*Asks:* 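One structure coming up, written as structure tokens, with questions to follow.
What you see is a predicted model; the values in this text were computed from it and never measured. Basis for what follows: all heavy atoms, side chains included, without hydrogens, waters or symmetry-related copies. Residue numbers start from 1 in every chain, and the chains themselves are labelled A, B, ... in the order their sequence lines are given, proteins ahead of strands.
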Protein chains: 2
Amino acid sequence: MTQAAFFVLTALADQPRHGYGILRETEELSDGEVRLRVGTLYGVLDRLTVDGLIALDREEVRQGRLRRYYRVTDEGVDALVAEADRMAAAAGAARRRIAEGRRAPGTVTSPARGPGLAGGLA
Amino acid sequence: MTQAAFFVLTALADQPRHGYGILRETEELSDGEVRLRVGTLYGVLDRLTVDGLIALDREEVRQGRLRRYYRVTDEGVDALVAEADRMAAAAGAARRRIAEGRRAPGTVTSPARGPGLAGGLA
DNA sequence: GCAGGATATATCGGCAGCCGATATATTCAG
DNA sequence: CTGAATATATCGGCTGCCGATATATCCTGC
């Protein structure tokens with residue numbers, strides 16, 4: 001799963017939203033760090049729909065503008081959970097390896113015991 | 001950062017390795033889930049080198065075969081830490097939102113806006 | 001001796017997918 | 001009336017992953 005698809009699924013995880021709302025919600029929930037582009041969104045929406053991970057929920061007309069709401073399917077929730085698990089596992093593995101590398105920088109590994117700071121695992 | 005670049009950095013985080021070793025190490029540390037492709041590796045290695053996140057460590061000839069070892073730079077470690085943080089935060093955000101969606105499935109969400117998820121990405 | 005697999009490097013073309021630019025249309029603020 | 005926000009959608013370009021391919025050595029099995 002691509003990062004863009006992951007964030008779209010995350011934005012839809014709690015409730016149905018329309019395209020533009022997904023854009024704003026993604027930026028908000030990531031505290032401004034992640035900004036989905038308009039040019040990216042509709043391609044992702046199409047692909048996720050074809051894959052059955054999201055579905056068209058309803059269409060509304062608010063103040064003369066069309067809003068097309070999407071929702072995650074059960075399959076989409078499963079896929080998002082699995083992806084979140086993979087990401088958390090990968091992040092944890094990276095952190096552990098960094099800790100291992102810092103234990104003996106530029107030297108052959110030694111049994112030198114650290115100051116009990118090891119953990120740090122998410 | 002792409003996923004492939006992330007895994008290459010992770011594989012190099014504890015000690016210098018050569019290309020083929022990175023391939024095997026990535027598969028091993030991910031418990032067989034992630035398998036970097038040969039065709040992907042050298043492009044990633046070139047890009048990471050240009051970006052200054054890894055550097056050529058040394059070259060060895062073992063049993064008639066050349067081994068080109070790479071190591072992460074300080075900048076590469078920083079980038080990997082930052083990426084691991086982003087991934088862990090994104091995974092956490094996804095899990096929280098899934099929990100919120102399941103709290104009231106198929107129902108209109110409560111107006112409770114606010115610090116609930118303000119934590120967002122770390 | 002030789003075929004096949006593991007080790008080890010590298011390149012290339014095809015294809016998927018992200019992004020910036022662009023288009024269209026309405027509402028509201030200045 | 002101009003610009004920004006809201007809201008949809010498309011398209012060309014570029015980046016980057018992947019499968020296939022090439023080259024070369026060593027070891028195992030037959």
Side-chain angles (χ1 to χ4, degrees), chain A residues 1-12 15-28 30 32-51 53-71 79 83 86 90, chain B residues 1-12 15-28 30 32-51 53-71 79 83 86 90:
Chain A
M1 181 183 304
T2 66
Q3 288 303 99
F6 173 83
F7 283 113
V8 168
L9 282 181
T10 300
L12 292 177
Q15 59 174 277
R17 292 177 197 278
H18 62 286
Y20 196 79
I22 293 171
L23 257 33
R24 280 181 293 132
E25 187 63 18
T26 299
E27 189 169 356
E28 197 174 314
S30 72
E33 281 187 41
V34 181
R35 182 172 295 178
L36 271 179
R37 313 297 169 147
V38 189
T40 305
L41 180 68
Y42 295 98
V44 174
L45 249 23
D46 287 345
R47 253 170 282 132
L48 288 176
T49 301
V50 169
D51 292 347
L53 304 187
I54 65 173
L56 185 62
D57 190 64
R58 67 186 188 279
E59 286 180 345
E60 281 180 12
V61 177
R62 302 279 283 200
Q63 296 169 324
R65 298 188 208 93
L66 177 66
R67 285 185 174 182
R68 186 164 290 146
Y69 285 78
Y70 292 88
R71 58 178 161 77
E83 186 66 16
R86 272 191 293 271
Chain B
M1 180 182 304
T2 65
Q3 288 303 101
F6 172 83
F7 284 113
V8 168
L9 283 180
T10 300
L12 292 177
Q15 61 175 278
R17 292 176 198 278
H18 62 284
Y20 196 80
I22 294 172
L23 257 32
R24 280 181 293 133
E25 187 63 19
T26 299
E27 189 169 357
E28 196 172 316
S30 72
E33 281 187 39
V34 181
R35 182 172 296 178
L36 271 179
R37 312 296 169 148
V38 190
T40 304
L41 179 68
Y42 296 98
V44 173
L45 247 25
D46 287 346
R47 253 170 279 132
L48 288 176
T49 301
V50 169
D51 293 347
L53 303 188
I54 66 173
L56 185 61
D57 189 65
R58 68 187 188 276
E59 286 181 345
E60 281 180 12
V61 176
R62 303 278 284 199
Q63 298 172 323
R65 300 188 207 94
L66 177 65
R67 284 186 175 181
R68 187 164 291 145
Y69 285 79
Y70 292 89
R71 58 178 162 75
E83 187 66 17
R86 270 191 294 272

*Asks:* Once you round it to whole Å, what is the distance between P of D:dT15 and CG of B:D46?
*Replies:* 14 Å
*Asks:* B:R62 near the nucleic acid: base, sugar-phosphate alone, or nothing, with a heavy-atom cut-off under 4.0 Å?
*Replies:* nothing
*Asks:* Return the value, rounded to whole Å, for the distance between atom CE of A:M1 and atom P of D:dC17.
*Replies:* 18 Å
*Asks:* How long is the line joining CG of A:L48 and P of C:dA16, in whole Å?
*Replies:* 16 Å
*Asks:* Hey, does the side chain of A:T2 come within less than 4.0 Å of C:dA16's phosphate (OP1/OP2), counting only N and O?
*Replies:* no
*Asks:* Atom CG of B:L66 and atom C1' of D:dA22: how far apart are they, to the nearest Å?
*Replies:* 16 Å
*Asks:* Could you tell me the separation between the CZ atom of B:R67 and the P atom of D:dT25, rounded to a whole number of Å?
*Replies:* 16 Å
*Asks:* Check whether any side-chain heavy atom of A:R58 lies under 4.5 Å from a side-chain heavy atom of A:R71, and answer yes or no.
*Replies:* no
*Asks:* Hey, can you pull the residues of residues 17-25 of chain B with a non-hydrogen atom under 4.0 angstrom from DNA chain C?
*Replies:* B:H18, B:G19, B:Y20, B:R24
*Asks:* What pair of heavy atoms forms the shortest contact from B:G19 to B:L41, and how long is it?
*Replies:* O-CD2, 3.4 Å
*Asks:* How many Å lie between CZ on A:F6 and C1' on C:dG17, as a whole number?
*Replies:* 18 Å
*Asks:* Would you tell me if any nitrogen or oxygen in the side chain of A:R65 comes within less than 4.0 Å of OP1 or OP2 on D:dT6?
*Replies:* no
*Asks:* Mind running side-chain contact (heavy atoms from CB on, under 4.5 Å) on B:V8 and B:L45 for me, showing each step along the way?
*Replies:* CA-CA 8 Å; B:V8 168; B:L45 247 25; 3.8 Å; yes
*Asks:* Would a 4.5 Å heavy-atom cut-off, applied to side chains only, mark B:E83 and B:L9 as touching?
*Replies:* no
*Asks:* Can you tell me if B:R67 and B:Y69 form a side-chain donor-acceptor pair at under 3.5 Å?
*Replies:* yes
*Asks:* Just by distance, do the side chain of B:S30 and the backbone of B:T26 share a donor-acceptor pair under 3.5 Å?
*Replies:* yes
*Asks:* If you take all heavy atoms of B:V44 and B:A5, which pair is closest and at what distance?
*Replies:* CG1-CA, 3.7 Å
*Asks:* Rounded to the nearest Å, what distance is computed from the CG atom of residue B:L45 to the P atom of nucleotide C:dA8?
*Replies:* 15 Å
*Asks:* At their closest point, which heavy atom of B:L12 faces which heavy atom of B:R17, and how far apart are they?
*Replies:* CD2-N, 3.5 Å
*Asks:* Taking all non-hydrogen atoms of both residues into account, name the closest pair between A:A90 and B:F6 and its distance.
*Replies:* O-CZ, 3.6 Å
*Asks:* From D:dG16, D:dA7, C:dG17, pick the nucleotide closest to the side chain of A:R47?
*Replies:* C:dG17
*Asks:* What is the distance from CD of A:Q3 to P of D:dG16, rounded to the nearest Å?
*Replies:* 14 Å
*Asks:* Give the residues of residues 35-43 of chain B touching DNA chain D, defined as any heavy atom closer than 4.0 Å, sorted by residue number.
*Replies:* B:R37, B:G39, B:T40
*Asks:* Name the residue closer to the 5' end of DNA chain D, choosing between B:Q63 and A:R68 according to the nucleotide with the nearest heavy atom.
*Replies:* A:R68
